[in-house]
Every structure is written in C-alpha cells, then in structure tokens.
Number of protein chains: 2
Amino acid sequence: MEKQTITIYDVAREAAVSMATVSRVVNGNPNVKPATRKKVLEVIDRLDYRPNAVARGLASKKTTTVGVIIPDVSNAFFASLARGIDDVATMYKYNIILANSDGDDQKEINVLNTLLAKQVDGVIFMGHHLTEEIRGEFSRSKTPVVLAGSIDPDNQVGSVNIDYKAATKEAVIKLAENGHQNIAFVTGPLVDPINGVYRLEGYKEGLKEKGLAYNEGFIFESEYTYKAGLALYERIKNSGATAAFVVDDELAVGLLNGLQDNGVKVPDDFEIITSNSSLFTEIARPRLTSVSQPLYDIGAVAMRLLTKLMNKEEIEDKTVVLPYRLTEKGSTK
Amino acid sequence: MEKQTITIYDVAREAAVSMATVSRVVNGNPNVKPATRKKVLEVIDRLDYRPNAVARGLASKKTTTVGVIIPDVSNAFFASLARGIDDVATMYKYNIILANSDGDDQKEINVLNTLLAKQVDGVIFMGHHLTEEIRGEFSRSKTPVVLAGSIDPDNQVGSVNIDYKAATKEAVIKLAENGHQNIAFVTGPLVDPINGVYRLEGYKEGLKEKGLAYNEGFIFESEYTYKAGLALYERIKNSGATAAFVVDDELAVGLLNGLQDNGVKVPDDFEIITSNSSLFTEIARPRLTSVSQPLYDIGAVAMRLLTKLMNKEEIEDKTVVLPYRLTEKGSTK
DNA sequence: ATGAAAGCGCTAACAA
DNA sequence: TTGTTAGCGCTTTCAT
C-alpha cells in the first residue's frame with residue numbers, strides 16, 4: 001500500500017487544533033500562543049509533515065518561483081547571469097525555472113507561455129532581440145518581467161544593462177589613440193539593438209571623435225562562437241584592419257588564435273579589445289584587454305529588481321545601468 | 001479593477017458543456033465528439049483561456065517539472081550537463097527548476113527539500129560527494145532521482161557516468177608509453193569517489209601495468225579552478241613530474257599556462273592529458289589532449305532515464321555508463 | 001459521449 | 001488567540 005501523504009489536516013487533528021492554526025505556525029504568523037506553537041511544531045516534527053507548495057500556490061496565488069528564459073546555459077556569458085539570478089532568487093526564497101530558447105523567436109514564445117501557465121510570479125528574460133510578438137505577450141500578461149543583458153527599445157519592462165555605447169566608444173578611442181586608423185568592429189547579429197544600435201553608435205562616435213572615417217568594410221557580423229572567430233582571420237586581414245573591438249570573448253579568442261596561428265603578433269601587429277572579461281580573457285596568451293561587464297551583478301540586480309516588482313513596490317527607475325570598466329591586459333599596448 | 005482570470009468553468013459555461021468535457025478537450029482525451037471539441041476549442045480561443053498548471057498539479061499530483069541540483073551553473077562542465085538535461089526535459093514536456101548548491105552539503109539538503117515541497121516529479125542531482133544524509137533523503141522520498149556525472153557507491157538511485165577508472169588508466173598508460181616515469185595525478189577533492197576511488201584506481205593500475213611504482217608525492221589534490229592550476233606549477237615542478245593527468249580542464253589550462261609562463265615547453269618538456277574536452281582544450285596553445293566525456297549526453301541520458309523512472313517503466317539497468325574517447329591534440333607527443 | 005460532484009492541500013476572510 | 005468555512009482551478013471517478 002502507498003505511503004499516505006501527511007497533510008495539514010493530519011497535523012491539526014493530532015495537535016488538536018484547527019488547520020488555520022497549523023497554517024499560522026507554518027507560515028510564522030505571530031498570532032499564535034507560544035504553547036500552541038510548540039505543540040504544533042512537535043506534531044509537525046513527529047509526523048514529518050512537509051507543506052505542499054502546489055496547494056499553497058493554488059490557494060495563495062503565489063508560487064515563489066520565477067521563470068528564466070535564457071538563450072543557452074552552456075554559454076559562459078549567460079551562465080554567469082544565471083548564477084547571479086539564482087543566488088538572489090534563493091536569497092528571497094524564490095526558485096527559478098530555467099528554460100533555454102536558443103534565441104529562437106518561437107521557442108521564446110512557447111516557453112513564456114508554459115511559464116505563465118505554471119503561474120510563475122515573475123520572469124527574467126535574456127535574449128538578443130525582442131520581437132514584437134514577445135513584447136506583446138509581456139505587456140498582455142500582468143506578470144512582471146525584467147530583461148537581463150537585453151534591451152527593450154521603449155523601456156516597457158524593467159531591464160539591467162551596462163552602457164554599451166559608452167563602453168564601445170571608449171574602447172575604440174583607446175585603439176585610435178594607440179595609433180590605429182583601421183579599426184574593425186567585430187560584432188554579433190546587428191538585429192540585436194545592443195549591437196546594431198548602441199555599440200555601433202559607440203563605434204561611430206569613437207571614430208568621429210578621433211577624426212577617423214567610418215567604413216562599412218570594417219564591420220564584421222558573426223556568430224558568437226570560437227570557431228567563427230578563428231574563421232574571421234582571413235577576412236579581417238584582407239580588410240586591412242590593424243585592431244579590432246570584439247563584442248564577445250569566445251569570438252575574440254577565436255580571432256586571437258586565428259591571428260597568432262598565422263604568425264600575426266598580438267599586440268605588436270594587431271590589437272584587440274574584447275567585451276566580457278570572462279575566464280577566456282585570462283586564459284588566452286596574451287591575455288585579452290576587455291570591457292569588463294559585471295555579468296553576475298547584472299543577473300543579481302535583475303532578480304532583485306524583479307522581487308521589487310513582484311512585491312508591487314514603487315520603483316524609481318526600472319531601467320538600470322550598471323558600470324563597466326576597461327581592463328587592460330596583454331592584447332593592447 | 002483586476003482583469004478576471006478565465007477558468008475552465010468560464011469555458012464550460014460559454015460552450016454549454018461541463019467542466020469535465022472542457023478538461024477532456026484540453027487534455028486531448030479522444031472521448032469527445034468532434035463537434036463538441038470544435039465548439040470548446042472555439043470558446044477557448046475566444047476567451048484566450050490558459051489552463052492553470054498549479055491547479056492541474058494539485059488535482060493530478062503531477063507538476064511536469066523536475067528539480068535539478070547543480071553545484072554551479074557558471075561552471076562550464078555542469079552547464080553542459082544542464083543543457084542536455086533541459087533539452088530532453090523539454091522534449092518530454094517537463095520544465096526544470098535549477099538550483100545551485102556550490103557542492104555544499106547543507107545547501108544540497110535544503111534545496112532538495114524545497115524541491116520536494118514543490119512536488120517536482122523527479123530530481124536530477126549533480127554533485128561531487130553524496131553524503132549519507134542526502135542519500136537518506138533520496139531513499140526516504142518516493143520521488144525518483146538520477147545522478148548525472150556523479151556516483152552513488154551502492155547504486156541505490158539511477159546514475160549516468162563514464163568509466164572514470166578505465167579512462168584514467170588509458171591516459172596514464174599513454175603517458176607512460178611516451179616515456180614518462182614520473183606522472184602526476186592532478187585531481188579534485190579525493191572525497192569525491194570519482195577522484196578518490198575510480199580515477200585513483202585507474203591511475204594506479206595504469207602505473208602498475210607499465211611497471212611504474214606508485215608514489216604519493218605525485219598526487220596533487222586541488223580545487224577545480226584556473227587559478228589553482230596556475231598555482232600548481234611550482235609544486236609539480238619540484239616533484240620531478242614530467243607529465244600529468246588532470247581531471248578538469250580549467251585546472252589543466254591553469255597548469256599549462258603556469259608551465260609555459262615559466263618557460264617549460266609543452267609537450268616537449270612536459271605532457272598533459274586533461275579530462276573534459278571543453279572549449280578550453282581548443283583554445284589553449286597547444287591544444288590539450290583530453291579524455292572526451294560526452295557531457296551533454298550525460299545530462300540528456302540522465303534526463304531520459306528520469307522520464308522512464310517517473311513513468312514507472314521497467315528499467316534494465318539504472319546505472320548507465322557512457323563511452324569516452326581519448327582525443328589527442330597538442331599537449332602530448 | 002457527457003455530466004455531476006468530490007476532492008487535491010492549502011490560505012484567508014470572517015467569526016467567535 | 002483560535003476555529004469555521006469557502007474557495008483556489010483543475011482532474012477524476014462514477015453515473016448516465
């Protein structure tokens with residue numbers, strides 16, 4: 001025969017109190033006489049009672065779980081964000097349902113719908129490009145949403161990012177000041193406004209500030225992979241570029257190895273600035289100069305913001321911009 | 001005023017059928033007249049009805065979510081497993097609650113309990129060392145558990161791994177055959193039976209097979225971090241070792257860089273075989289020869305096994321051993 | 001093929 | 001301080 005599950009009713013009976021009282025002690029409600037509380041706790045312990053969170057969720061309309069939509073956990077960039085999210089979630093007694101989307105529009109929609117069906121109290125979204133459709137879903141549902149490392153062009157939902165434009169501008173200026181005239185912009189998909197709008201603007205402004213002309217031939221759109229970076233060597237070399245700002249570390253390490261495997265000296269013959277200061281930037285030889293984004297913190301702050309939203313607290317500004325730094329290592333002079 | 005949530009009851013009323021019928025069409029039960037089904041679907045569409053998974057979970061005692069306990073998502077090794085898990089979970093209509101434990105015994109227990117409270121249908125556990133306490137919790141609850149990349153000494157729960165002993169033995173033999181007499185075993189915590197029992201045995205057997213003596217001075221226990229690897233250089237050099245088998249890629253790259261930064265040529269003066277064939281082994285120069293563990297597959301197979309357990313299917317063998325390969329790259333001759 | 005009705009285990013008024 | 005009693009939204013017998 002099946003092991004019978006212990007319910008709040010069993011505890012109430014054994015402790016000779018009402019369910020309401022048991023519920024109160026379980027939930028730490030102060031309106032319980034210490035003696036009663038003690039008695040109830042004793043029974044709970046004796047029966048090994050574990051409150052059923054699903055029943056609680058149905059009754060209270062709160063699940064204490066949040067949905068996290070991530071392109072790919074096995075990507076170091078997003079994994080760092082995810083870790084920050086989970087740590088803060090745990091801190092506030094939430095759990096996260098983690099769902100990979102591969103950045104695919106349809107998967108994002110599907111997964112969002114199943115998360116909402118599961119009554120998550122909030123959603124953290126990471127993705128490259130917010131489609132109209134998903135933004136529609138966001139605004140249609142009353143579940144709070146926060147973007148982590150992703151941008152909503154018109155700030156309907158909360159978001160946490162760095163100032164991509166300023167960071168890129170600073171990096172480009174540095175390369176220009178090191179004497180480079182031909183600076184490549186090695187980027188991920190330009191449909192992502194982080195690349196196609198903010199970073200690209202920063203790149204152009206940086207050039208302009210140093211009196212350099214913008215030239216489309218120096219824009220290299222690519223996947224965010226090591227292999228793509230390796231493969232880029234040939235094209236970049238042919239373009240005549242002598243330095244590059246790269247938006248992703250895997251990509252940058254690929255480019256670095258592509259250059260070095262072909263006898264190009266870094267930083268002597270070619271300088272590189274990359275973007276996330278991940279472990280890759282430490283491992284590479286030379287180590288890569290990089291824009292340091294506080295990835296963990298972006299996740300952590302996004303989750304913290306979400307707790308406030310879920311709590312219906314007043315928010316000063318739902319659009320958070322975290323600081324970045326330019327960390328100089330060995331791939332620049 | 002609040003937007004009223006649409007329930008199954010609303011749909012039933014509008015469609016002039018019973019809740020039971022609506023439930024049947026939502027769940028694809030064939031016992032519904034096509035005309036009725038059509039009518040109901042129409043209303044569902046019109047009202048934009050979304051079934052509440054929490055209510056469903058309470059009524060059906062199934063949540064279609066599984067708990068995943070992971071030491072650290074931002075570790076590339078575990079992230080790969082997690083990705084495999086999620087992909088298969090999605091395939092079988094499950095979601096995963098992902099919880100980081102840092103390999104901390106107490107956190108593991110806590111998180112397991114909250115997962116069980118949330119009525120997950122199953123649990124996938126990744127961790128270095130199964131404490132008695134957590135094994136007790138596993139056997140006490142009737143929720144199925146599968147270990148991914150972790151070993152249960154007495155196979156109470158399901159698990160998916162590679163043959164660590166054979167892999168290590170093979171690697172050590174290869175190093176011995178390349179002429180090395182002093183082969184270091186660079187390992188993570190030996191309390192983890194994967195290291196302290198299986199790999200260590202493989203190491204010893206490999207030495208024995210090649211007529212080499214075992215010497216404790218060649219065992220280096222370390223954290224799984226790049227920094228720890230870098231720091232190991234000095235000790236390993238002083239030990240007189242001229243080759244190393246390393247159980248973790250980050251650690252191995254650290255050691256590699258430590259050696260090379262100090263002028264030791266790899267593989268000419270020192271050979272290295274590492275263990276996970278992660279991207280790090282590609283990025284390093286020279287690229288690292290490695291035991292290739294199918295990380296994604298370990299996760300995927302673990303999740304697949306869990307679906308069978310949750311489904312109460314008969315399992316031939318709950319202890320799955322996946323194949324590994326020794327992939328030769330540049331850090332061996 | 002369809003409906004009625006009893007839960008699932010808990011929270012949250014409201015009363016007392 | 002404690003108890004009574006409706007639900008929360010759905011699934012699932014059991015009838016019909």
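Letters A, B, ... mirror the listed sequences (proteins, then strands); counts begin at 1.
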Query - Contacts of type side chain to side chain donor-acceptor pair (under 3.5 Å), residue B:Asn31, not counting sequence neighbours - result: none
Query raised in the report: Does the side chain of B:Met303 reach to within under 4.5 Å of the side chain of B:Leu305, using non-hydrogen atoms?
Result: no
Query - Under the side chain to side chain donor-acceptor pair (under 3.5 Å) test, residues paired with A:Arg83 that sit two or more places apart - result: A:Asp87, B:Asp72, B:Asp102
Query raised in the report: Heavy atom of residues 114-121 of chain A under 4.0 Å from DNA chain C: which residues?
Result: none
**Report entry** Nearest-Å distance for atom pair OH/P, residues B:Tyr9 and C:dG3
**Finding:** 13 Å
Query - side chain to side chain donor-acceptor pair (under 3.5 Å) partners for A:Gln106, two or more places apart - result: A:Asn110
Report task. Tell me, please, which residues at least two apart from A:Phe77 pass ring pair (Phe, Tyr, Trp, His ring centres under 6.0 Å). Result -> none
Report task. In whole angstrom, give the distance that lies between atom CD1 of B:Ile8 and atom P of D:dG7. Result -> 18 Å
Query raised in the report: Do the side-chain N and O atoms of A:Ser23 and A:Asn27 include a donor-acceptor pair separated by under 3.5 angstrom?
Result: yes
Query raised in the report: Excluding sequence neighbours, so at least two apart, what forms ring pair (Phe, Tyr, Trp, His ring centres under 6.0 Å) with A:Tyr94?
Result: none
Report summary line: Contacts of A:Leu58 and B:Ser23 projected onto DNA chain D by closest heavy atom; the upstream (5') one is A:Leu58
Query raised in the report: Which residues within residues 39-54 of chain A lie with some heavy atom under 4.0 Å of an atom in DNA chain D?
Result: none
Query raised in the report: Can you name the residues that form a side chain to side chain donor-acceptor pair (under 3.5 Å) with A:Thr64, not counting sequence neighbours?
Result: B:Lys118
Requested in this report: Using the test side chain to side chain contact (heavy atoms under 4.5 Å, CB included), find all partners of A:Arg46 that sit at least two apart in sequence or belong to another chain.
Outcome: A:Glu14, A:Val43
Requested in this report: Return no unless some side-chain N or O of A:Lys61 is found under 4.0 Å from OP1 or OP2 of D:dG9.
Outcome: yes
Report task. With sequence neighbours left out, write down each residue that passes salt bridge (Lys or Arg N to Asp or Glu O under 4.0 Å) with A:Glu133, or none if nothing qualifies. Result -> none
Requested in this report: Please report, rounded to the nearest Å, how far the P atom of D:dC8 is from the CD1 atom of B:Ile6.
Outcome: 14 Å
Give me the distances for all protein-to-nucleotides 2-4 of chain D N/O pairs that come in under 3.5 Å?
residue	atom	partner	partner atom	Å
D:dT2	OP1	A:Thr36	OG1	2.4
D:dT2	OP2	A:Lys33	N	2.7
D:dT2	OP2	A:Thr36	OG1	3.3
D:dG3	OP2	A:Ser18	N	2.8
D:dG3	OP2	A:Ser18	OG	3.2
D:dG3	OP2	A:Thr21	OG1	2.7
D:dG3	N7	A:Arg24	NH1	3.4
D:dG3	O6	A:Arg24	NH2	2.6

Query raised in the report: Separation of B:Asn29 atom CG from D:dT12 atom P, in whole Å?
Result: 10 Å
Query raised in the report: Looking at residues at least two apart in the chain, or sitting in another chain, which of them share a side chain to side chain contact (heavy atoms under 4.5 Å, CB included) with B:Asp297?
Result: B:Pro294, B:Leu322
